[in-house]
**Student:** 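Structure provided below as structure tokens; questions to follow.
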Amino acid sequence: MSKKIFASLIAAAGIAAISTPAFAQSADWQRTVAKLVASKQTYPRAAQMRGDEGTAKVKLTVSADGSVANVELVAPSGSSVLDREALALPAKVGKFPAPAGGPASVVLPLTWKLM
């Protein structure tokens with residue numbers, strides 16, 4: 001395939017932190033979570049073949065021990081293949097750094113673009 005493929009997670013600018021019950025998570029924790037998810041992001045072959053592009057936003061909830069408590073699609077990409085990949089990414093990371101102050105959520109925009 002002659003097209004270059006670009007899969008990126010918009011880390012700092014696009015992260016919208018959701019507060020824990022009593023504490024907001026640090027920007028450093030949010031960036032770390034975003035980088036870990038980005039490190040597992042790939043471009044699904046089926047999406048490449050169909051020319052699917054888009055940005056999906058997922059809300060990731062991390063338990064006090066750093067395990068994934070929940071992943072929810074809050075804004076679809078327009079591609080069911082990319083949406084499924086977005087929902088699967090946090091599980092590929094496994095454990096995250098434990099959030100200070102207990103369970104925490106973060107919204108991550110995940111972008112796939114064919115170049």
Side-chain angles (χ1 to χ4, degrees):
M1 184 186 302
S2 62
K3 291 182 181 178
K4 288 187 179 179
I5 299 165
F6 176 69
S8 71
L9 181 127
I10 304 170
I15 294 176
I18 308 298
S19 296
T20 61
F23 305 96
Q25 291 305 307
S26 74
D28 287 341
W29 181 83
Q30 293 172 38
R31 277 191 296 275
T32 299
V33 168
K35 286 179 185 179
L36 288 168
V37 172
S39 74
K40 300 298 181 184
Q41 188 174 353
T42 61
Y43 214 124
R45 184 129 178 96
Q48 291 176 38
M49 300 302 286
R50 294 189 334 204
D52 290 355
E53 297 181 327
T55 299
K57 290 184 181 179
V58 295
K59 178 181 175 185
L60 168 62
T61 303
V62 178
S63 297
D65 68 355
S67 62
V68 175
N70 190 44
V71 182
E72 174 186 350
L73 186 67
V74 294
S77 67
S79 164
S80 61
V81 175
L82 296 178
D83 292 347
R84 281 192 303 273
E85 179 68 10
L87 289 168
L89 284 171
K92 291 179 182 180
V93 173
K95 276 202 136 180
F96 290 89
S105 296
V106 63
V107 175
L108 303 171
L110 300 156
T111 298
W112 289 267
K113 185 170 178 91
L114 295 169
M115 302 291 256

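Here, residue 1 is the first one in the sequence, and each next residue gets the next number.
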**Student:** Which distance, rounded to the nearest 0.5 Å, do you find between the NZ of Lys59 and the CG of Leu87?
**Tutor:**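 It comes to 13.5 Å.
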
**Student:** List the atom pairs, with distances to 0.1 Å, where a side-chain N or O of residues 64-76 and a protein N or O form a donor-acceptor pair under 3.5 Å, not counting sequence neighbours.
**Tutor:**
| unit_1 | atom_1 | unit_2 | atom_2 | d |
| --- | --- | --- | --- | --- |
| Asp65 | OD1 | Ser67 | N | 2.9 |
| Asp65 | OD1 | Ser67 | OG | 2.7 |

**Student:** Please list, chain by chain and in numerical order, all residues satisfying side chain to side chain donor-acceptor pair (under 3.5 Å) with Asp52, sequence neighbours excluded.
**Tutor:**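 Asp52 satisfies side chain to side chain donor-acceptor pair (under 3.5 Å) with Arg50, Ser79 once adjacent residues are dropped.
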
**Student:** Of the non-hydrogen atoms in Pro90 and Ala86, which two are nearest, and what is the gap between them?
**Tutor:**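 Of all heavy-atom pairs spanning Pro90 and Ala86, the closest is CD-O, 3.5 Å.
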
**Student:** Do you know which two heavy atoms are closest between Ser105 and Thr61, and how far apart they sit?
**Tutor:**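 That would be OG-OG1, 2.8 Å.
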
**Student:** Give me the one residue out of Met115, Gln48, Lys113 that meets side-chain contact (heavy atoms from CB on, under 4.5 Å) with Glu53.
**Tutor:**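 By the side-chain contact (heavy atoms from CB on, under 4.5 Å) criterion, Glu53 pairs with just one of Met115, Gln48, Lys113: Lys113.
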
**Student:** Any side-chain heavy atom of Leu36 sitting closer than 4.5 Å to one from Pro97?
**Tutor:**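 Side-chain contact under 4.5 Å: yes.
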
**Student:** To the nearest 0.5 Å, how far apart are CG in Leu108 and OG1 in Thr55?
**Tutor:**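 Here the interatomic distance stands at 12.5 Å.
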
**Student:** According to a 4.5 Å side-chain heavy-atom criterion applied to Ile, Leu, Val, Met, Phe, Trp and Tyr, with indirect links allowed, do Leu89 and Val106 form part of one hydrophobic cluster?
**Tutor:**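 Both belong to a single hydrophobic cluster.
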
**Student:** What's the shortest heavy-atom distance between Trp29 and Ala104, and which atoms?
**Tutor:**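 So the two residues come closest at CH2-CB, 3.9 Å.
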
**Student:** Taking C-beta and beyond as the side chain, do Thr32 and Phe96 meet within less than 4.5 Å on heavy atoms?
**Tutor:**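 Not in contact.
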
**Student:** Could you note down all residue pairs passing side-chain hydrogen bond (donor to acceptor under 3.5 Å, both in side chains) where residues 91-103 supplies at least one of them, sequence neighbours left out?
**Tutor:**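 Sorted pair list: Glu85-Lys92.
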
